Amino acid sequence: MLDVKFIRNNPEAVKNTLAARVVEIDLDEFLRIDKLWREKLAKVEQLRSTRNAVSEKISRQKKDSPETKELILEMRKIGVQIKELEEEIRQLEEKIQAILLVIPNIPHETVPIGERAEDNVVLRYWGKPRNFDFKPKSHWDLGEALNILDFERGSKVAGARFVFYKGVGAQLERALINFMLNLHVKEHGYVEIFPPFIVNSESMLGTGQLPKFAQEAFKIEDTNYFLIPTAEVPVTNIHRDEILSGESLPICYVAYSACFRSEAGAAGRETRGLIRQHQFNKVELVKFCRPEESNIELEKLTQDAERVLQLLALPYRVVSLCTGDLGFSAAKTYDLEVWLPGYGEYKEISSCSNFTDFQARRANIRFRSGKGKPQFIHTLNGSGLAIGRTVAAILENYQESDGSVRLPEVLVPYLNGVRKIKEEK
RNA sequence: GGAGAGAUGGCCGAGUCGGUUGAAGGCGGUCGCCUGCUAAGCGAUUACAUGGGCGAAUACCUGUGUCGCGGGUUCGAAUCCCGCUCUCUCCGCCA
């Protein structure tokens, strides 16, 4: 959420932002309500001020003097007025808040201007897509043939877009989780967190999933609970309503979690395979840092995520999302896209974002250095990486002509020595 | 699930016949003194949010709100009443 004062003082900048992000919000209406709210507030505060002064006077006077009685009668009237004004103010605040919560973050100045995904800018490539002397198969064909992925039974037991991993497939999933957690903890200095997979609506509001994207989340009926769409939600909200000490920053967490997304309305494309499931695993990186450090921390975070792909020897590219493609809460985002031979294209496998103070303001996460005033911290996060898509990438990139799949060297210690997946009966 | 206790400032912790309590005291922080250095000691200072005065300002002045959350009683509520949430203890159940 943006600073109301910033909106008041820079309405044009905010309007430009909304236009660049292709979002329609009547900012003039907002400014009008805000002005009205401040006027009413001034009025009610004045009334309260007199009431406070008179009440104190009453306390010093004789209780049953005629003068006191008159004052009490007067204050009774003021009390009614105050109550009426308070109700009006409450309604105005509700409107203000409702608008404020759906205004997206302001893109960083280095974010490319554009409306759609085609306008994103590729920053760099790593690794070379392998030349196959046969037609590479899709990961779902490989997975089913190898008997390590079972989409059919996933549908029977849960529904469309659920899958069973089996045998070495299940081991591979688990191995990747451990490999990534170890890497980020031991070599990149993150603190490991194992979060709740269910959060309340306050947490969803804090990171920006609510109120705008309620449809994309799984809500548990008749409760205030949501299945987490990413570990970002519980982990960022760890410090909700806290004032952190400046010395503790930056705070870097890495968390494994299952992620649950209903993705309503996204049906049609990419419904096959592991790319778009209702439940998937992810290792997530989350950072809390000082405002002046968030730009450099985003670069570091992205590198930490890239390192995973490098160690797995998976070709990828880094893309800077344009203003129109940027997520709601993000000021800047780098997507890591891994090469998938079965698709013949690069597919998002990690999204690394700097949210500046947008989430911090919503979730009220601040820090204080020395004797200074508390100020909002900056939050960042990125996948390090999405596990299911990594499995897909490994299957497709490491496949052999006979339908078997080699496994990346770095995973061998995590796989009980298994180096290759062959068809299992 | 049943019974009981509790929720106060960055932290700990006082505060019931409702009225200089925004809140004692302590810790921590900051500044100063002392000191060869450190420790100890002494003194001072130290909530957050927000409206307005003005603004470049997190500077200054002033108002308002905030003692878990929401409502009620009252001229006036941290203090009284009601509802909710959370925490702790005991019992039950369970991985």
Side-chain angles (χ1 to χ4, degrees), chain A residues 1-13 30-97 100 194 196-206 220 222-226 234 237-249 251 288 290-292 356-357 360-378:
Chain A
M1 149 166 99
L2 300 181
D3 186 355
V4 182
K5 277 189 208 155
F6 178 84
I7 301 177
R8 268 179 216 150
N9 297 334
N10 309 280
E12 290 313 310
F30 174 83
L31 293 168
R32 197 185 62 76
I33 296 171
D34 177 60
K35 185 156 177 273
L36 189 61
W37 170 73
R38 279 186 289 168
E39 287 167 5
K40 298 271 184 192
L41 192 64
K43 212 175 277 178
V44 81
E45 285 186 354
Q46 203 180 353
L47 288 177
R48 280 200 280 238
S49 181
T50 32
R51 185 178 67 182
N52 288 347
V54 174
S55 290
E56 199 195 325
K57 193 175 170 195
I58 291 172
S59 74
R60 283 186 272 106
Q61 281 179 345
K62 267 187 260 166
K63 290 254 158 56
D64 42 6
S65 77
E67 199 190 339
T68 304
K69 279 179 180 162
E70 182 161 333
L71 283 176
I72 288 177
L73 280 176
E74 243 175 80
M75 288 308 103
R76 212 173 271 176
K77 281 186 218 151
I78 284 196
V80 174
Q81 286 181 51
I82 288 176
K83 210 156 255 184
E84 285 170 3
L85 272 171
E86 278 175 343
E87 175 59 20
E88 288 179 49
I89 288 168
R90 196 188 57 75
Q91 288 181 10
L92 289 172
E93 278 172 349
E94 240 170 53
K95 284 185 193 167
I96 290 170
Q97 202 62 11
L100 225 42
F194 196 103
F197 292 1
I198 289 177
V199 295
N200 54 32
S201 59
E202 287 79 9
S203 295
M204 292 287 276
L205 198 76
I220 299 177
D222 300 325
T223 70
N224 191 27
Y225 289 147
F226 291 82
N237 278 283
I238 286 177
H239 296 300
R240 173 150 51 86
D241 293 320
E242 290 185 17
I243 297 176
L244 305 165
S245 84
E247 292 71 46
S248 68
L249 302 177
I251 295 173
F288 303 80
R290 295 165 180 275
E292 63 272 20
T356 59
D357 60 4
R361 186 169 281 110
R362 285 177 164 243
N364 192 28
I365 309 171
R366 295 171 294 173
F367 78 98
R368 187 203 307 272
S369 45
K371 60 182 175 180
K373 286 239 170 207
Q375 41 177 322
F376 290 113
I377 57 143
H378 280 195

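In the text below, chain A, chain B and the rest are named by the order of the sequence lines, each starting its count at 1. As the structure is a computational prediction, the values presented were derived from the model and not from experiment.
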*Distance between C1' atoms of rC90(B) and rA77(B) (Å, rounded)*: 34 Å
*Spacing of the P atoms in rC11(B) and rG4(B) (rounded, Å)*: 30 Å
*Counting side-chain heavy atoms from CB outward, which of rG19(B), rG65(B), rU50(B) is closest to Arg48(A)?*
rG65(B)
*How long is the line joining CG of Leu47(A) and P of rG51(B), in whole Å?*
19 Å
*Roughly, in whole Å, what's the span from CG in Asp3(A) to P in rA57(B)?*
11 Å
*Closest listed nucleotide, where the reference is the side chain of Asn52(A) and the choices are rU64(B), rG76(B), rG51(B)*: rU64(B)
*Given rG76(B), rG51(B), rG19(B), which nucleotide is nearest the side-chain atoms of Glu45(A)?*
rG51(B)
*Want to know the stems of RNA chain B: at least 3 consecutive Watson-Crick or G-U pairs with distances under 3.5 Å, which are they?*
B:1-7 with B:85-91, B:10-12 with B:25-27, B:28-33 with B:41-46, B:47-53 with B:60-66, B:68-72 with B:80-84
*On RNA chain B, nearest-nucleotide positions of Lys5(A) versus Val44(A): which is more 5'?*
Lys5(A)
*Enter the distance from Glu88(A):CD to Glu86(A):CD here, rounded to the nearest 0.5 Å.*
11.0 Å
_Pick the closest RNA chain B nucleotide for Gln46(A) and for Arg366(A) by heavy atoms, then say which residue is nearer the 5' end._
Arg366(A)
*asked:* Between the base of rG19(B) and the side chain of Glu56(A), is one N or O donor paired with an acceptor at under 3.5 angstrom?
replied: no
*Quick one: CZ on Arg38(A) to NZ on Lys35(A), what's the gap to the nearest 0.5 Å?*
8.0 Å
_Pro374(A) side-chain proximity, nearest of rC48(B), rU50(B), rG19(B)_ = rC48(B)
*How far, in whole Å, is rG41(B) from rC27(B) if one measures between their P atoms?*
9 Å
*Asp241(A) CG - rA47(B) C1' separation (whole Å)*: 15 Å
*Quick one: NE2 on His378(A) to CZ on Phe367(A), what's the gap to the nearest 0.5 Å?*
8.5 Å
*When you compare rU85(B) with rA95(B), how far apart are their C1' atoms, in angstrom units rounded to a whole number?*
27 Å
*Nearest-Å distance for atom pair CD1/C1', residues Ile243(A) and rG29(B)*: 13 Å
*Give the rounded distance in Å between these two atoms: CD of Glu202(A) and C1' of rC69(B).*
11 Å
*When you compare rU38(B) with rG32(B), how far apart are their P atoms, in angstrom units rounded to a whole number?*
13 Å
*Say whether, by atom type as modelled, one donor and one acceptor occur between the side chain of Asp34(A) and the main chain of Phe30(A) under 3.5 angstrom.*
no
_So, OP1 or OP2 of rG51(B): does either fall under 4.0 Å of a side-chain N or O from Arg8(A)?_
yes
_Using the side-chain heavy atoms of Met75(A), tell me which of these nucleotides is nearest: rC75(B), rG51(B), rG65(B)._
rC75(B)
*Respond yes when some side-chain nitrogen or oxygen of Arg38(A) is under 4.0 Å from OP1 or OP2 of rG52(B), and no when none is.*
yes
*Does Lys83(A) have a side-chain nitrogen or oxygen under 4.0 Å from the phosphate oxygens OP1 or OP2 of rU73(B)?*
yes
*Roughly how many Å is it from CD1 in Ile377(A) to P in rU58(B), rounded to a whole number?*
21 Å
*asked:* Measuring only the P atom in each nucleotide, how far is rA23(B) from rG63(B)? A whole number of Å is fine.
replied: 14 Å
*Quote, to the nearest angstrom, the P distance that separates rU89(B) from rG72(B).*
35 Å
*For the pair Ser55(A) (side chain) and Asn52(A) (backbone), establish whether a donor and an acceptor sit closer than 3.5 Å, ignoring hydrogens and angles.*
no
*Integer-rounded Å distance: rA49(B) C1' and Trp37(A) CH2*: 10 Å
*May I ask you to say what Leu41(A) touches in the nucleic acid, namely base, sugar-phosphate or nothing, with a heavy-atom cut-off under 4.0 Å?*
sugar-phosphate
*In whole angstrom, give the distance that lies between atom CG of Leu244(A) and atom C1' of rG28(B).*
16 Å
*Please determine if Glu87(A) and Arg90(A) form a salt bridge, counting it only when a charged side-chain N lies under 4.0 Å from a carboxylate O.*
yes
*Short side-chain N/O contact from Ser55(A) to OP1 or OP2 of rG19(B), under 4.0 Å*: no
_Separation of the C1' atoms in rG9(B) and rC67(B), to the nearest angstrom_ = 9 Å
*Answer yes or no: is there a donor N or O on one side and an acceptor on the other, between the side chain of Arg290(A) and the main chain of Gly246(A), under 3.5 Å?*
yes
*pair Gln81(A)-Arg51(A): side-chain heavy atoms closer than 4.5 Å*: no
*Side-chain donor/acceptor of Asn237(A) to backbone N/O of Ser203(A), under 3.5 Å*: yes
